[in-house]
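Keep in mind that what you see is a predicted model, and the values were worked out from it rather than measured.
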Amino acid sequence: MRDLAIIADGAMLIENGRIVQVGTRAEIEPLIGRDDTLIDAGKHVVMPGFVDAHTHPVFAGNRAAEFEQRTEGASYAEIAAAGGGIRSTVRATRSASEDQLLDSAQKYAGWFLAGGTTTIEAKSGYGLTLDDECKLLRVVGRIKDLRCIPTFLGAHEIPDEFRGHPSEYTDLVIHQMLPAVANQKLAKFCDIFCEPGIFSIEESRRVLSAARELGLGLRMHVDQLSDSGGAALAAELRAATADHLEHTSPRGILALRSAGVQPVLLPGSVYALGSSRYPNAREMIEAGLAVVLATDFNPGSSPTPSMPMILSLACTQMKMTPAEAITAATINAACSLGRGDEIGSLEAGKRADFVIYDCGDYREIAYFFGAPLVEAVYLEGRPTWTSLTQ
């Protein structure tokens, strides 16, 4: 993860949205035709676009009031128990039309691009009815200028109308929501929030087993609030990823390694909730796991679309090196989505998703946290965002 394969004074030849060749400027310049468009990055850093492998970008409203409550001492759990948290966003999202949700999601897409992200994994999870979950996934499919890989997260929380009857809601997810999502081809993955008091180990096993039977890839929110065996279940089911992992034990880490499950670490949510319990990234890396970093962009626990900020948190709070953090946010993330042969690195044959930064050293991206270093973003070789036109 520390080997970025940097090419000093490098260049790329791009044709029809794909990279044809990568090399030094001296190697590529003779291949440039008279009618070709030349992009000169001026000796600045050029990197693959970030691949944000855990986001919740479709929702109505925000939870700024809850943010203020937490500054005054209320905990996330206390707010949720009083009817806030995910369920408050569900109520607002159910009331919004598909077009209203698309308007806000498209705005957030611009925020992702401004931070150098070109691909996101985009979850549903704020509808929690069959119609509303499908509505959210249709919105994901309509977002422009940002590559979105949809994930069904109907098992995000127990909605108000099923409080006290979680097994009935689990049955609804398995027997109604999942078949509809699969039949309409609205998602590539299925996710679940596996925690005591939300979806138990056995409920999670049932939902994800049904999803796998329908051809969906598996992702999991696990061990965020407690070491409850979520990582072991992810390993048992051979999920693509296990996400959060703030409380995962060394035994859980070894289980992930033995099953080839990629850990997706979300330091933004730890930071935003005022916690100090970050995932043990160093132990995971030393165990040989292909660690992924993501924003967990959502209106409650991690309202940031900024991958550069996540890189900074990974370096300062989880002691990852800048190179490890970049690997985790690009090629490792792409592999976790089954897209490692298409995106996540600048190699011949891959899609030309790249970003030009206003710096000459990749380490500055995490070092200057909060600084607007992105100059231009290209998706399949076409300019999608530039700092000069915003």
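Comment: D132 engages K135 in a salt bridge, judged by a side-chain N to carboxylate O separation of less than 4.0 angstrom. Using a 4.0 Å cut-off between charged side-chain N and carboxylate O, E161 and R94 make a salt bridge. Salt bridge R142/D99: present, at least one basic N to carboxylate O contact under 4.0 Å. Salt-bridge annotation for E380 and R18: absent, with no side-chain N of the basic residue lying under 4.0 Å from a carboxylate O of the acidic one.
Across all non-hydrogen atoms, the minimal contact from A105 to V58 is CB-CG2, 4.3 Å. Residues C194 and S228 come closest through the heavy atom pair O-OG, 4.4 Å. Looking at every heavy atom in both residues, P267 comes nearest to M318 through CG-CE, 3.9 Å. The shortest non-hydrogen separation linking A122 to V140 is CB-CG1, 3.7 Å. Nearest approach of R91 to G83, heavy atoms of both residues: NH2-O, 2.6 Å. The shortest heavy-atom contact between S209 and L237 is OG-CD2, 4.1 Å.
The OG atom of S312 lies 11.0 Å from the OH atom of Y367; values are rounded to the nearest 0.5 Å. Here E133 contributes atom CD and S124 contributes atom OG; the two are 3.5 Å apart, rounded to the nearest 0.5 Å. Atom CD1 of residue I365 and atom CE of residue M307 lie 11.0 Å apart, to the nearest 0.5 angstrom. The structure places CG of N280 at 10.5 Å from CG of L245, a figure rounded to the nearest 0.5 Å. With values rounded to the nearest 0.5 angstrom, L128 atom CG is found 8.5 Å from I158 atom CD1. Residue I14 holds its CD1 atom at 8.5 Å from CG of L346, rounded to the nearest 0.5 Å.
P48 places none of its side-chain heavy atoms less than 4.5 Å from the side chain of I331. Between L216 and K188, the closest side-chain pair of non-hydrogen atoms is not below 4.5 Å. Contact annotation: the side chain of V270 never approaches that of Q317 to less than 4.5 Å [non-hydrogen atoms, C-beta and beyond]. The shortest distance between side-chain heavy atoms of D353 and T119 falls below 4.5 Å. The shortest distance between side-chain heavy atoms of V46 and V355 does not fall below 4.5 Å. Using a 4.5 Å heavy-atom cutoff, the side chains of R351 and R147 are in contact. The shortest side-chain heavy-atom distance between E66 and S88 falls under the 4.5 Å cut-off. For the pair F189/L218, no side-chain contact is recorded, criterion being any heavy-atom separation below 4.5 Å from C-beta on.
When only modelled atom types and interatomic distance are considered, D52 and T295 share a side-chain donor-acceptor pair under 3.5 Å. E202 and S200 form no side-chain donor-acceptor contact under 3.5 Å, judged by distance and modelled atom types alone. If you check the side chains of R63 and T89, you find a donor sitting under 3.5 Å from an acceptor. With 3.5 Å as the limit, one finds a donor-acceptor pair spanning the side chains of D223 and T248. Side-chain contact of E375 with T386: a donor-acceptor pair under 3.5 Å is absent, judged by distance alone. Between the side chains of T241 and Q262, no donor-acceptor pair of N or O atoms lies under 3.5 Å. A side-chain donor-acceptor contact under 3.5 Å links R219 and S336.
Judged by distance alone, with hydrogens and angles left aside, the side-chain atoms of D145 form no donor-acceptor pair with the main-chain N or O of T384 at under 3.5 Å. For K350 (side chain) and V20 (main-chain N/O), no donor-acceptor pair under 3.5 Å exists by modelled atom type. Of the possible donor and acceptor atoms, one in the side chain of N298 sits under 3.5 Å from a partner among the backbone N and O of D296. Remark: side-chain polar atoms of E195 are paired, donor with acceptor, to backbone N or O of Q224 under 3.5 angstrom. Remark: the backbone N or O of L337 is paired with a side-chain donor or acceptor of R339 at under 3.5 angstrom. Listed for the D191 side chain is a donor-acceptor partner under 3.5 Å among the backbone atoms of H221. Checking side-chain atoms of D171 against main-chain N and O of E168 turns up no donor-acceptor pair under 3.5 Å. A side-chain donor-acceptor contact under 3.5 Å links K319 to the backbone of T316. When atom types are taken as modelled, the side chain of E68 and the backbone of A65 share no donor-acceptor pair closer than 3.5 angstrom. Between the E246 side chain and the Y278 main chain, no donor and acceptor come within less than 3.5 Å of each other.
In this structure, W111 and F297 have perpendicular ring planes: the angle between them is above 60°, well past the 30° mark. Using the six-membered ring where Trp is involved, Y357 and F50 have ring planes that are perpendicular, over 60° apart on the 30 and 60° scheme. Using cut-offs of 30° and 60° on the angle between ring planes, the pair H244 and H54 is perpendicular.
Taking a 6.0 Å sphere around CG of N16, one finds it holds 12 or fewer heavy atoms contributed by other residues, nucleotides or ligands. More than 12 heavy atoms of other residues, nucleotides or ligands lie within 6.0 Å of CD in Q184, so this atom counts as buried by the packing criterion.
Checked against the 6.0 Å centroid threshold, F59 and Y108 count as a close aromatic pair. Residues F193 and F199 place their aromatic rings such that the two centres sit no closer than 6.0 Å.
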When you look at F152 and L178, which way does the side-chain contact (heavy atoms from CB on, under 4.5 Å) test go after all the steps?
-> CA-CA 8 Å; F152 168 65; L178 273 169; 3.6 Å; yes
Intermediate values then yes/no, side-chain contact (heavy atoms from CB on, under 4.5 Å), R138 and L186 | CA-CA 7 Å; R138 286 195 301 270; L186 291 173; 4.0 Å; yes
Evaluate the criterion side-chain contact (heavy atoms from CB on, under 4.5 Å) for residue pair L137 and V181; output intermediate values, then yes/no.
-> CA-CA 9 Å; L137 290 168; V181 168; 3.9 Å; yes
Kindly determine whether K123 and Y126 satisfy side-chain contact (heavy atoms from CB on, under 4.5 Å), including the steps that lead there.
-> CA-CA 9 Å; K123 304 179 192 294; Y126 293 120; over 6 Å; no
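A continuous path of Ile, Leu, Val, Met, Phe, Trp and Tyr side chains, each step under 4.5 Å between heavy atoms, connects I192 with V222, placing both in one hydrophobic cluster.
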